[in-house]
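Owing to the predicted nature of the structure, the values given are computational and were not obtained by experimental measurement. Residue numbers start from 1 in every chain, and the chains themselves are labelled A, B, ... in the order their sequence lines are given, proteins ahead of strands.
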Protein chains: 2
Amino acid sequence: MPSEPPKPTDAELEILCVLWSRGPSTVRAVHEVIAERKPTQYTTVLKQLQVMADKGIAQRDDAQRSHVYQAARSREWTQRQLAGDLLQRAFEGSAGSLVLGALSAKKTSKRELAEVRRMLDDYEKGLFR
Amino acid sequence: MPSEPPKPTDAELEILCVLWSRGPSTVRAVHEVIAERKPTQYTTVLKQLQVMADKGIAQRDDAQRSHVYQAARSREWTQRQLAGDLLQRAFEGSAGSLVLGALSAKKTSKRELAEVRRMLDDYEKGLFR
DNA sequence: ATCGTACTACGAGGATCGTCGTAATTGCAA
DNA sequence: TTGCAATTACGACGATCCTCGTAGTACGAT
């Protein structure tokens with residue numbers, strides 16, 4: 001049985017976000033996105049991706065000359081893991097507190113509050129299967 | 001103006017939880033709580049606390065023979081900071097996604113869902129001031 | 001075939017983290 | 001006062017993280 005990949009670090013998470021939004025990508029493509037946010041060498045991104053592949057956080061397809069990387073787990077799966085981790089470590093398992101914390105962290109608009117309620121409803125429906 | 005204390009690390013957060021729930025505590029008291037979860041030397045906790053005081057994460061009262069430490073920021077303040085950080089880094093700022101992630105991370109009961117809704121209502125009321 | 005370009009491999013180095021051992025200090029009791 | 005027990009101070013070590021430089025490799029154009 002393959003063991004779960006470890007929790008991504010900050011830099012890894014930033015790269016994962018690129019992979020999730022772009023889909024399978026070459027190192028060059030990832031680097032272009034990262035580099036426009038902060039000055040970063042090409043090889044830094046390359047090394048990061050290699051490490052991520054080692055850890056099982058990313059998967060590499062080296063059929064082509066330029067290797068293609070993709071996230072090993074879906075955005076949703078990873079988000080759930082990270083949220084659960086924080087929930088456990090900082091919120092004593094109280095989902096309500098985490099929700100409250102998230103809402104007050106950014107100043108949530110009425111519009112977004114409604115969106116949250118809708119998600120809540122959907123989630124509850126999902127429980128009855 | 002004093003700058004914001006940095007985000008607590010994992011080990012620091014564990015100690016902060018003890019300080020929050022116990023209030024101002026000696027190193028010995030903190031160590032006793034930590035040690036019953038995982039084997040840890042007394043000086044490890046001591047050093048951690050000293051570093052936390054340096055960083056501004058904890059405050060030290062050295063009036064007594066045994067120094068007394070307390071969290072520099074409230075549990076709520078820190079929770080908000082951590083939730084906001086994760087929101088930014090992993091959820092593209094979508095509070096709804098974070099809520100969803102948190103709920104599905106632990107399997108949230110119907111009872112707790114109701115609690116979350118109540119918190120949501122309270123929070124929304126707070127917006128109109 | 002060779003040369004240049006784009007790519008990968010890999011190790012090094014500085015920073016932080018978490019842990020602990022040891023030395024120095026303090027207060028108290030005999 | 002002297003010695004013991006508890007406490008603090010501090011440095012060091014290994015692990016991980018993040019970054020980058022350099023070397024090696026493969027492909028295509030000439």
Side-chain angles (χ1 to χ4, degrees), chain A residues 3-19 24-70 78 82 85-86 89-90, chain B residues 3-19 24-70 78 82 85-86 89-90:
Chain A
S3 60
E4 302 279 280
K7 177 172 65 155
T9 67
D10 286 2
E12 286 164 357
L13 185 55
E14 200 172 346
I15 288 180
L16 279 179
C17 284
V18 176
L19 293 179
S25 307
T26 63
V27 177
R28 179 142 308 272
V30 174
H31 173 249
E32 272 164 15
V33 177
I34 297 289
E36 68 191 23
R37 273 181 266 178
K38 59 176 182 185
T40 306
Q41 289 308 113
Y42 176 86
T43 54
T44 300
V45 176
L46 169 65
K47 178 71 164 186
Q48 204 68 253
L49 252 352
Q50 287 170 342
V51 169
M52 289 168 71
D54 276 352
K55 289 185 182 177
I57 290 177
Q59 286 169 352
R60 172 170 60 180
D61 173 8
D62 53 1
Q64 304 296 330
R65 160 86 163 107
S66 299
H67 299 175
V68 173
Y69 289 86
Q70 62 179 320
T78 305
L82 290 173
D85 177 68
L86 186 62
R89 289 208 336 275
Chain B
S3 59
E4 303 279 277
K7 178 172 66 157
T9 67
D10 285 4
E12 286 164 356
L13 185 55
E14 199 171 348
I15 288 181
L16 278 179
C17 285
V18 176
L19 293 179
S25 307
T26 63
V27 178
R28 179 143 307 275
V30 173
H31 173 249
E32 272 164 14
V33 177
I34 296 290
E36 68 192 22
R37 274 181 265 177
K38 57 175 181 184
T40 304
Q41 288 309 109
Y42 175 85
T43 55
T44 299
V45 175
L46 169 65
K47 176 73 165 186
Q48 204 67 253
L49 251 353
Q50 288 170 341
V51 170
M52 288 167 72
D54 277 351
K55 289 186 183 177
I57 290 177
Q59 286 169 352
R60 170 171 61 180
D61 173 9
D62 53 2
Q64 306 296 328
R65 160 81 165 112
S66 297
H67 299 175
V68 174
Y69 289 86
Q70 62 180 317
T78 305
L82 291 173
D85 177 68
L86 186 62
R89 291 208 334 275

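The residue B/Thr9 sits close only to the backbone: its heavy atoms come under 4.0 Å of sugar-phosphate atoms, none of a base. If you check every strand for non-hydrogen atoms under 4.0 Å, B/Glu12 touches nothing. Among the atoms of the strands shown, base atoms are found under 4.0 Å from some heavy atom of B/Thr44. Using a 4.0 Å heavy-atom cutoff across all strands shown, B/Val51 reaches no nucleic acid atom at all. Contacts of A/Asp62 with the nucleic acid, taken as non-hydrogen atoms under 4.0 Å apart, are absent.
Minimum heavy-atom separation, A/Pro8 to A/Ile57: CA-CD1, 4.0 Å.
Atom CD in A/Gln48 sits about 16 Å away from atom C1' in C/dT8, given to the nearest Å. Between the CD1 atom of B/Ile15 and the P atom of C/dC17 there is a distance of 13 Å, rounded to whole Å. One interatomic measurement links the two molecules: NZ of B/Lys7 to C1' of C/dC17, which rounds to 13 Å at whole-angstrom precision. Taking atom CD of B/Gln64 as the reference point, atom C1' of C/dG27 lies 13 Å away to the nearest angstrom. At whole-Å resolution of the value, CE in B/Met52 and C1' in D/dT8 are 17 Å apart. In this structure, B/Tyr69 places its OH atom 13 Å from P of D/dT7, rounding to the nearest Å. Rounded to whole angstrom, the span from the CG atom of B/Asp54 across to the P atom of C/dC17 amounts to 12 Å. Rounding to whole angstrom units, NE2 of residue B/His31 and C1' of D/dA6 are separated by 14 Å.
Summarising the geometry, atom CD belonging to A/Glu14 is positioned 7.5 Å from atom OG1 belonging to A/Thr40; distances are rounded to the nearest 0.5 Å. A/Ile34 contributes atom CD1, which lies 9.0 Å from atom CD of A/Gln48 (distance to the nearest 0.5 angstrom). Taken to the nearest 0.5 Å, the CE atom of A/Met52 stands 12.5 Å off from the CZ atom of A/Arg60. Atom CG in B/Asp85 sits 12.0 Å away from atom OG1 in B/Thr78 (nearest 0.5 Å).
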As a quick check of understanding, evaluate side-chain contact (heavy atoms from CB on, under 4.5 Å) for B/Glu12 and B/Val51, giving each step before the final call.
CA-CA 9 Å; B/Glu12 286 164 356; B/Val51 170; 4.2 Å; yes

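Within residues 34-43 of chain A, the residues having any heavy atom closer than 4.0 Å to DNA chain C are, in order of number, A/Tyr42, A/Thr43.
Within the structure, a side-chain polar atom (N or O) of B/Arg60 is placed less than 4.0 Å from OP1 or OP2 of D/dA9. For the OP1/OP2 pair of C/dT5 and a distance below 4.0 Å, the side-chain nitrogens and oxygens of A/Arg65 include no atom meeting the criterion. Taking side-chain N and O atoms only, B/Arg28 has no distance below 4.0 Å to OP1 or OP2 of D/dA6. For C/dA9, one of the phosphate oxygens OP1 or OP2 lies less than 4.0 angstrom from a side-chain nitrogen or oxygen of A/Gln50.
Screening residues 35-63 of chain A for ring-ring contact (aromatic ring centres under 6.0 Å, His included), with sequence neighbours left out, gives A/His31-A/Tyr42.
Nearest to the side-chain atoms of B/Asp10 among the listed nucleotides D/dT7, C/dG18, D/dT19 stands C/dG18.
Listed for the A/Thr43 side chain is no donor-acceptor partner under 3.5 Å among the backbone atoms of A/Gln41.
Nearer the 5' end of DNA chain C, as judged by each residue's closest nucleotide, is the contact made by A/Val68, out of A/Val68 and A/Lys47.
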